[in-house]
There are 2 protein chains.
Amino acid sequence: MPDTPRRSESRYGNRPTMKDVAARAGVGLKTVSRVVNGEQGVTPETERRVQEAIDALGFRRNDSARVLRKGRTASIGLVLEDLADPFYGPLSRSVEEVARAHGALLINGSSAEDPDREQELVLALCARRVDGLVIIPAGDDHRYLEQEIRAGVATVFVDRPAGKTDADVVLSDNFGGARDGVAHLIAHGHRRIGFIGDMPRIHTAAERLRGYLAAMEDAGIPVEDSWTSLGVTDPLRVRRAAEDMLRGPSPVTAVFAGNNRVSVTVIRVLAEQTRRVALVGFDDIELADLLHPGLTVVAQDASVLGRTAAERLFGQLDGSLIVPERIELPTRLITRGSGELPPAD
Amino acid sequence: MPDTPRRSESRYGNRPTMKDVAARAGVGLKTVSRVVNGEQGVTPETERRVQEAIDALGFRRNDSARVLRKGRTASIGLVLEDLADPFYGPLSRSVEEVARAHGALLINGSSAEDPDREQELVLALCARRVDGLVIIPAGDDHRYLEQEIRAGVATVFVDRPAGKTDADVVLSDNFGGARDGVAHLIAHGHRRIGFIGDMPRIHTAAERLRGYLAAMEDAGIPVEDSWTSLGVTDPLRVRRAAEDMLRGPSPVTAVFAGNNRVSVTVIRVLAEQTRRVALVGFDDIELADLLHPGLTVVAQDASVLGRTAAERLFGQLDGSLIVPERIELPTRLITRGSGELPPAD
DNA sequence: TAGGGCCTGGACAACGTTGTCAGATGCGGG
DNA sequence: CCCGCATCTGACAACGTTGTCCAGGCCCTA
């Protein structure tokens with residue numbers, strides 16, 4: 001008898017539906033809906049009966065059906081590089097807080113710095129009809145998103161700009177921060193300054209390199225090839241790069257580390273040196289003040305970045321923000337000792 | 001004309017549906033469904049036409065409708081304390097990886113250590129019909145979940161056991177780890193050892209305290225009241241607690257820090273002391289090896305914790321795991337110097 | 001050439017909810 | 001006493017997809 005699927009054999013375990021609640025309470029389906037959604041137009045007595053049935057059956061509204069009907073999911077997606085990175089934890093958390101304030105849930109995904117995986121994730125989120133997306137892009141071509149944006153998915157890029165499409169973007173001032181950090185080293189007498197950063201195809205890495213070069217040029221210091229190392233990211237290769245520039249033909253007396261992962265490794269390498277080498281890192285690190293010397297950093301505030309982006313996202317959803325904008329947040333130089341060491345040849 | 005809602009005015013922006021694709025490709029609705037889902041029984045020629053229409057319209061399947069029909073959402077929820085905490089980042093990431101391997105997305109939520117907020121989040125996730133839940137509980141009463149579990153929501157608790165209900169749970173050996181850490185201090189000659197930990201209503205905190213007490217008792221050392229500080233969590237109060245036990249009537253020569261946040265503050269306090277005080281912390285900390293002295297810790301592997309829990313979750317969903325189990329993962333003592341300092345009175 | 005089996009394609013219902021609209025009920029006023 | 005109005009309730013369609021089932025066309029064989 002294929003036509004009598006017993007409620008109790010339904011595929012959701014045996015989750016009661018509004019229909020079941022209605023039957024038990026002896027009211028119509030819509031009345032249950034009204035009670036569940038707190039709409040008015042229900043007598044206290046009826047409401048009580050319905051509530052009783054709800055509790056008795058353990059009814060919980062099926063949001064999938066609701067979404068299908070209403071068109072809004074009250075959820076947003078966040079695609080970032082790696083949730084395990086201490087930079088993204090606070091960012092994610094602040095996005096979540098804003099979402100929560102707007103009654104939305106957060107779906108999280110890590111792209112692992114892989115453009116294909118980013119796209120796969122983003123499209124999966126679109127298929128779930130998230131109301132909006134906060135994206136820390138891994139790839140540099142986001143034309144695949146244009147259709148989605150036109151279809152009404154609010155979108156904000158954070159930390160790095162979108163590629164080949166214009167959309168809201170919230171960035172740190174990577175160029176200015178790096179320039180100031182390097183200028184700080186120059187002000188303390190350094191001229192041979194090394195730079196170790198990530199692949200230049202990553203916007204932040206490129207900008208920070210540009211900042212380094214600008215500071216050097218401003219000071220009239222020609223940069224030697226052996227002083228810069230790009231695209232280096234795993235600890236082993238960072239180590240080698242640092243060691244190389246420390247004992248090259250014209251060894252550096254200071255290093256600018258392009259991100260927190262690089263900083264950590266460089267700190268380890270410098271700790272092994274007899275010569276005192278100055279260091280400024282991009283991104284703050286927990287306990288940086290307890291190292292010897294304390295680590296001087298160019299700090300960006302991940303949670304402000306996240307909050308700003310999320311607020312912008314909900315601004316788009318309100319309809320109050322239409323024109324894509326580029327917001328750039330300032331960085332802050334925090335001196336703790338390592339960046340103030342004098343050159344030691 | 002309420003009866004002619006133009007497709008182009010639909011509430012999803014103007015997202016095409018399978019019907020639109022079917023119309024454009026000149027085929028039936030179900031044929032489109034077949035193509036989209038890679039089912040067989042479609043001629044290459046037909047498939048080409050459908051695919052063309054899909055691309056032209058920018059069709060993307062609406063997963064809400066799919067979920068409604070199929071009953072599985074291919075998404076799981078993770079409720080943790082605070083995504084910004086460096087302990088939870090890697091945990092979350094490893095849960096995500098397992099989910100990804102099973103084709104599921106991850107919805108993340110922070111309870112902020114608030115039981116009500118935990119419940120609110122969990123129920124919201126249930127309303128979305130997540131297939132499963134990984135929960136780091138904030139509250140100590142989870143009977144509200146029993147109905148959901150019966151309704152088929154796979155559930156695994158991590159880091160702390162569920163309250164008043166039995167369910168799968170994956171823990172670190174908090175008791176054993178703390179006991180070993182304290183025993184380590186005792187082995188290095190300490191007798192007056194302090195303990196600073198979180199509120200004992202938090203299972204991990206209680207277990208670690210129990211480990212501390214067990215180690216002391218095993219060594220026949222009576223514990224003085226002034227040596228333990230419980231329920232202390234914000235930096236300022238941890239600082240005061242540490243300072244108090246360092247200069248009390250019988251000042252401690254070593255401290256056991258109950259979690260990473262406590263450790264960080266205690267490290268700061270100890271750095272200000274002239275007397276050398278030993279320290280062992282629960283949870284590893286990045287750069288712990290670069291401090292002076294290096295921080296000795298009882299380490300638990302957050303990503304293994306997360307992975308184990310997530311695998312267990314999908315085990316439940318496969319139907320291969322039925323009986324709730326309690327899995328306890330060992331901790332590891334990592335000696336780096338701070339825990340090997342001799343007592344200095 | 002007719003019949004049978006196989007394969008492709010499409011009509012239709014169902015998933016659980018919400019919006020629309022009309023019916024029922026009760027009350028007060030003319 | 002009856003009508004009109006306000007208030008409350010319920011029937012029904014629709015959201016976009018997938019599962020079921022049947023029709024029609026093709027090829028192969030006798």
Side-chain angles (χ1 to χ4, degrees), chain A residues 1-7 9-23 25-50 54 57 59-74 127-129 151, chain B residues 1-7 9-23 25-50 54 57 59-74 127-129 151:
Chain A
M1 39 175 177
D3 260 63
T4 47
R6 298 284 310 285
R7 173 112 316 285
E9 295 162 7
S10 139
R11 61 175 154 285
Y12 282 118
N14 43 4
R15 282 202 176 273
T17 70
M18 284 192 176
K19 207 159 125 191
D20 301 319
V21 175
V27 301
L29 184 53
K30 178 66 203 191
T31 301
V32 177
S33 172
R34 271 194 272 263
V35 171
V36 170
N37 294 295
E39 289 170 30
Q40 53 178 331
V42 181
T43 336
E45 162 58 14
T46 310
E47 174 164 357
R48 196 192 50 71
R49 280 222 316 283
V50 171
I54 287 177
L57 296 174
F59 167 78
R60 184 109 37 227
R61 179 178 63 197
N62 184 333
D63 273 350
S64 296
R66 172 170 231 252
V67 161
L68 179 59
R69 192 64 235 256
K70 304 201 70 145
R72 277 276 169 114
T73 55
R128 307 216 167 197
R129 299 293 188 267
Chain B
M1 38 176 177
D3 260 62
T4 47
R6 297 285 310 285
R7 174 109 317 281
E9 294 162 7
S10 140
R11 62 175 154 285
Y12 282 120
N14 42 7
R15 282 204 176 271
T17 70
M18 284 192 177
K19 207 159 127 189
D20 300 320
V21 175
V27 302
L29 184 53
K30 179 65 202 190
T31 301
V32 177
S33 172
R34 274 195 269 262
V35 171
V36 169
N37 294 296
E39 289 169 29
Q40 53 178 340
V42 182
T43 338
E45 162 59 13
T46 309
E47 173 164 358
R48 197 192 49 71
R49 280 221 317 283
V50 171
I54 288 176
L57 296 174
F59 167 79
R60 185 108 39 224
R61 178 178 63 197
N62 184 333
D63 273 349
S64 296
R66 171 169 231 253
V67 161
L68 180 58
R69 191 63 234 260
K70 305 200 71 142
R72 278 276 169 115
T73 55
R128 305 215 168 200
R129 299 291 189 268

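Keep in mind that this is a model prediction, so the values were computed, not measured.
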(message) Please report the distance, rounded to the nearest Å, between CG in A:L29 and C1' in C:dT20.
(response) 14 Å
(request) Report the residue from B:V21, B:V35, B:V27 that forms a side chain to side chain contact (heavy atoms under 4.5 Å, CB included) with B:R49. (result) B:V27
(message) Whole angstroms only, please: what is the CD-C1' distance between B:Q40 and C:dC6?
(response) 13 Å
(request) Using only side-chain N and O atoms of B:S33, determine if any of them is under 4.0 Å from OP1 or OP2 of D:dT18. (result) yes
(request) May I ask you to verify if any side-chain N or O of B:T43 is less than 4.0 angstrom from the OP1 or OP2 atom of C:dC7? (result) no
(request) Select one nucleotide: of D:dG16, C:dG16, D:dT9, the one nearest the side-chain heavy atoms of A:V42. (result) D:dT9
(request) Give B:V27 one of three labels, base, sugar-phosphate or nothing, depending on what nucleic acid heavy atoms sit under 4.0 Å from its own. (result) sugar-phosphate
(request) Would you kindly check whether a donor in the side chain of B:K19 faces an acceptor in the base of D:dG16, or vice versa, at under 3.5 angstrom? (result) no
(message) Given the structure, check if the side chain of B:R34 and the base of D:dG19 hold any donor-acceptor pair shorter than 3.5 Å.
(response) no
(request) Would you mind classifying the nucleic acid contact of B:G41 as base, sugar-phosphate or nothing, using non-hydrogen atoms under 4.0 angstrom? (result) sugar-phosphate
(message) Angle between the end axes of the helix from C:dT1-D:dA30 to C:dG30-D:dC1, five pairs per end, to the nearest 10 degrees?
(response) 60°
(message) Distance check needed: D:dG10 C1' versus A:E39 CD, whole Å only.
(response) 14 Å
(request) Check whether any side-chain heavy atom of A:R129 sits under 4.5 Å from a side-chain heavy atom of B:N62, and report yes or no. (result) yes
(request) Starting from C1' on D:dT17, measure out to CE on B:M18 and report it in whole angstrom. (result) 6 Å
(request) Grab the CD-C1' distance between A:E45 and D:dC8 for me, whole Å please. (result) 13 Å
(request) Would you mind reading off the distance between A:K30 atom NZ and C:dA24 atom P, rounded to a whole angstrom? (result) 20 Å
(request) Measure the shortest side-chain to side-chain distance between A:V36 and A:M18 over non-hydrogen atoms and say whether it is less than 4.5 angstrom. (result) yes
(message) Side chains of A:R66 and A:R69, heavy atoms from C-beta outward: is any pair under 4.5 Å?
(response) no
(request) With the side chain counted from C-beta on, respond yes when B:R34 and B:E47 share a heavy-atom pair under 4.5 Å apart, and no when they do not. (result) no
(message) Quick check: on DNA chain C, is the nucleotide nearest B:A65 upstream (toward 5') of the one nearest B:T46, or the reverse? Name the residue that is more 5'.
(response) B:T46
(request) For B:V36, answer base if it contacts any base atom (sugar-phosphate contacts may also be present), sugar-phosphate if it contacts only those atoms, and nothing otherwise; contact means non-hydrogen atoms under 4.0 Å. (result) nothing
(message) Is the shortest side-chain heavy-atom distance between A:L29 and A:S33 below 4.5 Å?
(response) no
(message) Tell me the closest heavy-atom pair linking B:V67 and A:S64, and the distance in Å.
(response) CG1-OG, 3.1 Å
(message) From C-beta outward on A:T31, which listed nucleotide comes closest to its side chain: D:dG19, D:dT9, D:dT17?
(response) D:dT9
(message) How many whole angstroms separate atom CZ of A:R66 from atom C1' of D:dT17?
(response) 20 Å
(request) Respond yes when some side-chain nitrogen or oxygen of A:R61 is under 4.0 Å from OP1 or OP2 of C:dT18, and no when none is. (result) yes
(message) Can you measure A:N37 atom CG to C:dT17 atom P for me and round it to whole angstrom units?
(response) 10 Å
(message) When you measure from the side chain of B:R128 to the backbone of A:T73, do you find a donor-acceptor pair of N or O atoms at a distance under 3.5 Å?
(response) yes
